[in-house]
Q: 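Take this structure first; my questions come after.
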Amino acid sequence: MNDRVALVTGAGGEMGHLLIPALRRDGYAVVALDLVELPDELRQQCSETLVASILDVDAVEDLVRRHRPGLVFHLAAVLSSKAEIDPNLAHNVNVTGTFELFRILREMSSDVPPRFIFPSSIAVYGLPDAETKKRQGAVEENEWNVPSGIYGCNKLYCELIGTYLARTRPGGGAPAIDFRAIRFPGLISAATLPTGGTTDYAPMMIHAAARGESYSCFVREDTRLPFMTMPDAIDALRLLAGACSSDLSTRVYNIRGFAASATEICERVLRHFPEAKIEFESIPARQAIADSWPEDVNDARARRDWGLDPEHDFDAAVDEYLVPALRRRYGTQDQRAAGSRGPRRCASPPDSSPGLS
Ligand code: SER
């Protein structure tokens, strides 16, 4: 294995946009794979980019064999809301794609197993109802591992297989993969917008407000979930990738920056963008997914084992990271200085409609 080469799958997604430059700064040669061509500014930072599906096993195998990456960030995935609409695609990409990548890496003989960094999700948790969710508060890694959605099932299975492969080699011998997973909360980036996820309402609400557009939030006001900013998520990936195996008390870690309800996010957004038009119109299928996820997670193990220390709590995420970056991006002025009306209440329309999209 080449320990200065990092393979990034799903490289053109939200994480890839910040992870690839960070890996370059860390001195890695980055080999990137995505379904579509990467934007020029990302492509220029990679030593090779391959436009292919994670399910194109021959192409992936050829790429891996030529570069022999010592570090793998397997970011390619179909997120939770899209997975419910197309479970076959979700299974193929999230499970088969991951399993094939494990196989390709296992079959390459190496004294030092590659580090395989796997973005898992709060979707692996399944709380049965709102009352239990509230009573439970912050969940620990080994609690409520009974996902109610396809995406959570996919991620939990891959966590289990990865943990197994970090412990043993099928057929005997030393473990062939140094598997490490992070269960990400909802991620919010100022640089990109997500697609196909359930936590997407938070970034969409903030971006829409900064662009001066109205937004209809697809979960109820009281929906509370854990979140983190994308820069903190990228730091967490790099910290876990660099941790000594002997410091890891588990192969799967919770992380979080803060927990907030949709209405708290709305109110915070309105402080900065008082003219923003934000409505709440819960979409049952997406609401059901959000209701089954915990309102917060306990990240004590990640803090203790590999020094997780996010920079952004809720205040810092919005006030210091998102709002300044989004004002620069969209060119929106600070309306509060112009003697505007002050914070408005977040509004609910009378009816809600079914469906996922
Ligand atoms: N952000 C992901 C989703 O909503 C969860 O990890 O699907």
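Counting starts at 1 for both ligands and their atoms, in listed order.
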Q: Taking only Lys NZ, Arg NE, NH1 and NH2, and the carboxylate oxygens of Asp or Glu, determine whether Asp291 and Arg220 approach each other closer than 4.0 Å.
A: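 Counted as a salt bridge, because a side-chain N and a carboxylate O are separated by less than 4.0 Å.
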Q: Going by an N to O cut-off under 4.0 Å, is there a salt bridge joining Lys155 and Glu159?
A: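 Salt bridge flag = no for Glu159 with Lys155.
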Q: Checking Asp299 now: which residues fulfil salt bridge (charged side-chain N to carboxylate O under 4.0 Å, His left out) with it, not counting sequence neighbours?
A: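 Asp299 satisfies salt bridge (charged side-chain N to carboxylate O under 4.0 Å, His left out) with Arg303 only.
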Q: Please determine whether a side-chain nitrogen of the Lys or Arg among Arg180 and Asp178 lies less than 4.0 Å from a carboxylate oxygen of the Asp or Glu.
A: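 Salt bridge between Arg180 and Asp178, a charged N being under 4.0 Å from a carboxylate O: yes.
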Q: May I ask you to decide whether Asp296 forms a salt bridge with Arg256, counting only side-chain N to carboxylate O separations under 4.0 Å?
A: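 Looking at Arg256 together with Asp296, the answer is yes, because their closest N to O distance falls below 4.0 Å.
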Q: Give me the ring orientation class for Phe218 and Tyr201: parallel if the planes are under 30° apart, tilted from 30 to 60°, perpendicular past 60°.
A: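 Judged by the thresholds at 30° and 60°, the geometry between Phe218 and Tyr201 is perpendicular.
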Q: Would you mind listing each N/O atom of ligand 1 next to any protein N/O under 3.5 Å, plus the distance?
A:
unit_1   : atom_1 : unit_2 : atom_2 : d
ligand 1 : 1 (N)  : Thr199 : OG1    : 2.8
ligand 1 : 4 (O)  : Ser80  : OG     : 3.4
ligand 1 : 4 (O)  : Thr198 : N      : 2.6
ligand 1 : 4 (O)  : Thr199 : N      : 3.0
ligand 1 : 4 (O)  : Thr199 : OG1    : 3.3
ligand 1 : 6 (O)  : Ser121 : OG     : 2.7
ligand 1 : 7 (O)  : Ser80  : N      : 3.1
ligand 1 : 7 (O)  : Ser80  : OG     : 2.5

